[in-house]
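Counting starts at 1 for both ligands and their atoms, following the listed order.
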Amino acid sequence: MAVLVTGGAGYIGSHTLIELHKAGLESIVYDNLSNASEESLQRVEHIIGKEIPFVKGDTRDKEQLRELFSNYSIDGVIHFAGLKAVGESVQKPLEYYDNNVIGTLRLLEVMREFDCKSIIFSSSATVYGEPEMVPIKEEFSTGNGITNPYGRSKYMIEEILKDLSKSDSSWKIVILRYFNPIGAHESGLIGEDPNGIPNNLMPYISQVAVGKLNELQVFGDNYPTVDGTGVRDYIHVVDLANAHVKALEYIQKQDVMQEPLIVNAGTGMGYSVLEVVKAFERASGKKIPKKIVARRAGDIAICYADVSRAQEILGWSAEFDLEKMCADSWNWQKKNPNGYEAS
Ligand code: NAD
Ligand code: UD1
């Protein structure tokens with residue numbers, strides 16, 4: 001099976017290429033490199049000992065997508081390509097809807113033209129907005145209380161995929177709702193390489209540990225949680241990568257699908273900011289200076305997944321614990337203090 005991996009040069013995509021290879025699947029990467037460099041792909045090739053075809057291109061470029069589908073025989077698509085910075089999406093809503101929603105529409109149109117109707121889509125727990133309760137189940141309502149255009153673009157794409165599936169049951173669609181991916185490949189050769197000052201917790205902590213940032217700001221300590229700080233479901237990126245392999249295997253077994261399969265991709269465990277900091281300190285042997293500051297706008301108190309559907313339907317569950325996530329994040333950061341840039 002040959003899989004088109006849009007956004008394959010990025011953080012989750014690059015890790016998924018390795019797991020696809022391990023499962024005996026061929027990949028073709030399509031990425032406009034707006035938030036990645038080819039260096040990540042070269043390192044993946046080094047890890048797997050094999051070249052991966054790469055086409056630099058944009059998901060909104062229909063002509064180039066047609067050329068891609070003409071040149072390669074593609075059986076299915078894993079669609080990672082998109083913009084993902086929450087704060088930036090508030091400043092640049094049109095750019096976010098254009099890239100994420102229009103990019104997905106163009107891709108789906110070309111897939112239909114070439115009768116390639118299997119797709120796995122990278123969604124986010126953010127579509128649940130402020131969840132009714134935890135753990136969060138897939139059938140909970142979505143689309144309400146989403147605080148930013150990034151999250152809304154994911155919700156819109158999910159709705160588009162549901163409508164598409166309703167119109168034609170030969171489309172086989174899996175929507176994975178990622179919780180909080182962290183960690184890195186254990187080689188330390190690939191990992192998360194955010195632009196500028198990181199917005200997310202783990203890259204921020206890692207950059208404090210390596211001396212690039214002075215101290216972590218903890219956004220609020222008065223939430224109704226174990227220690228007052230926000231609780232999230234962190235998942236090792238390699239586990240998450242494997243969920244895509246399982247989703248592809250699932251799709252291959254289905255003749256038709258009446259609706260998209262929607263699956264939470266998390267561990268089912270919630271950890272507070274302070275618990276993550278402690279785990280990171282243990283894994284790295286570094287002290288993380290921190291200061292409690294005001295809550296961040298748009299943040300929720302607690303978010304973790306009910307993972308029973310993933311286990312029951314995909315036969316997938318996360319293996320790696322928080323210690324391993326922190327150890328691998330640190331291994332990547334200390335070996336690559338400036339991400340891919342320094343190489
Ligand atoms: P990333 O930015 O590292 O990877 C996305 C890749 O897509 C980048 O390599 C970028 O260059 C490429 N890209 C962006 N727009 C493109 C376009 N129009 N055409 C072609 N390529 C394009 O992000 P990631 O963390 O690997 O996330 C992958 C996907 O998972 C994204 O859709 C993201 O929204 C989603 N997601 C990520 C997280 C997370 O915490 N990392 C959580 C939930 C969902
Ligand atoms: C954020 C996004 C969400 C996205 C997810 C994964 C927002 C409002 N939400 O979620 O849409 O799907 O990333 O990419 O940005 N924290 C600190 N200090 C920091 C950074 C974070 O205390 O410097 C805290 C946060 O308040 C939160 C936890 O750490 O409680 C995790 O934050 P983060 O890594 O940004 O992820 P989410 O808030 O879950």
Whether Y234 lies under 4.0 Å from ligand 2, heavy atom:
yes
Ignoring hydrogens and angles, state whether a donor on the side chain of K335 or N331 is under 3.5 Å from an acceptor on the partner side chain.
yes
Is it the case that the side chains of Y96 and E88 hold a donor-acceptor pair, with the cut-off being a distance below 3.5 Å and no angle test?
yes
Mind checking whether K154 has a heavy atom under 4.0 Å from ligand 1?
yes
Salt bridge flag under 4.0 Å for residues E159 and K162:
yes
Top protein contact for atom 34 (O) of ligand 1, by heavy-atom distance
Y150 OH, 2.9 Å
Looking at N199, which atoms of ligand 2 are within less than 4.0 Å of one of its heavy atoms?
20 (C), 35 (O)
Identify, for atom 11 (O) of ligand 1, the protein heavy atom at the shortest distance, and state residue, atom and that distance.
D31 OD1, 2.7 Å
For N99, the ligand 1 atoms with a heavy-atom partner under 4.0 Å come out as 15 (N), 16 (C), 17 (C), 18 (N)
Flag for N200-R232: side-chain donor and acceptor within less than 3.5 Å:
no
Between the main-chain N or O of I300 and the side-chain N or O of E130, is there a donor-acceptor pair closer than 3.5 Å?
no
Should H79 and Y30 be marked as a ring pair (Phe, Tyr, Trp, His ring centres under 6.0 Å) after you check the CA-CA gap, both sets of side-chain angles, and the distance that decides it?
CA-CA 10 Å; H79 181 34; Y30 187 75; 9.9 Å; no
What atoms of ligand 1 come closer than 4.0 angstrom to any heavy atom of A36?
9 (O), 11 (O)
Please round to the nearest 0.5 Å and tell me the distance separating atom OG of S123 and atom CZ of R177.
6.0 Å
Atom indices of ligand 2 within 4.0 angstrom of T126 heavy atoms, with elements
11 (O)
Using a strict 4.0 Å cut-off to heavy atoms of N180, name the atoms of ligand 2 that fall inside it.
36 (O), 37 (P), 39 (O)
Any S124 heavy atom less than 4.0 Å to ligand 2
yes
Min heavy-atom dist S123 to ligand 1 below 4.0 Å
yes
Closest non-hydrogen protein atom to atom 5 (C) of ligand 1, residue and atom name please, with distance?
G82 O, 3.9 Å
Answer with side chain, backbone, both or neither: which part of L201 has a heavy atom less than 4.0 angstrom from an atom of ligand 2?
both
Atoms of ligand 2 less than 4.0 Å from V218 heavy atoms?
22 (O)
I'd like the name of whichever of Y30, Y178, F80 reaches closest to atom 31 (C) of ligand 1 through any heavy atom.
F80
Proximity winner for atom 13 (O) of ligand 2, if only heavy atoms of I300, I205, T229, N200 are counted:
N200
Taking the non-hydrogen atoms of T6, is any one of them nearer than 4.0 angstrom to ligand 1?
no
To the nearest 0.1 Å, how far is atom 22 (C) of ligand 1 from its closest protein heavy atom, and which atom is that?
N32 OD1, 3.1 Å
Nearest non-hydrogen protein atom, atom 3 (O) of ligand 1
Y11 N, 2.8 Å
Numbering the atoms of ligand 1 from 1, which are under 4.0 Å from a heavy atom of S34?
10 (C), 11 (O), 13 (N), 14 (C), 15 (N)
Give the residue, atom name and distance (to 0.1 Å) of the protein heavy atom nearest atom 39 (C) of ligand 1.
P181 CG, 3.5 Å
Which heavy atom of the protein is the closest neighbour of atom 19 (N) of ligand 1, given with residue, atom name and distance?
T59 N, 3.0 Å
Residue-ligand contact G57/ligand 1, heavy atom below 4.0 Å:
yes
If you have a sec, work out which protein heavy atom is nearest atom 27 (O) of ligand 1 and how many Å separate them, to one decimal?
I12 CD1, 3.7 Å
Out of K84, R177, K56, who gets a non-hydrogen atom closest to atom 23 (O) of ligand 1?
K84
What are the atoms of ligand 1, with element, lying closer than 4.0 Å to any heavy atom of S122?
29 (C), 30 (O), 32 (O), 35 (C)
Would you say the side chains of D306 and N264 form a donor-acceptor pair under 3.5 Å?
no
Per-atom filter on ligand 2: closer than 4.0 angstrom to a heavy atom of R232 are 27 (C), 30 (O), 31 (C), 37 (P), 38 (O), 39 (O)
Is the shortest side-chain N to carboxylate O distance from K278 to E281 below 4.0 Å?
no
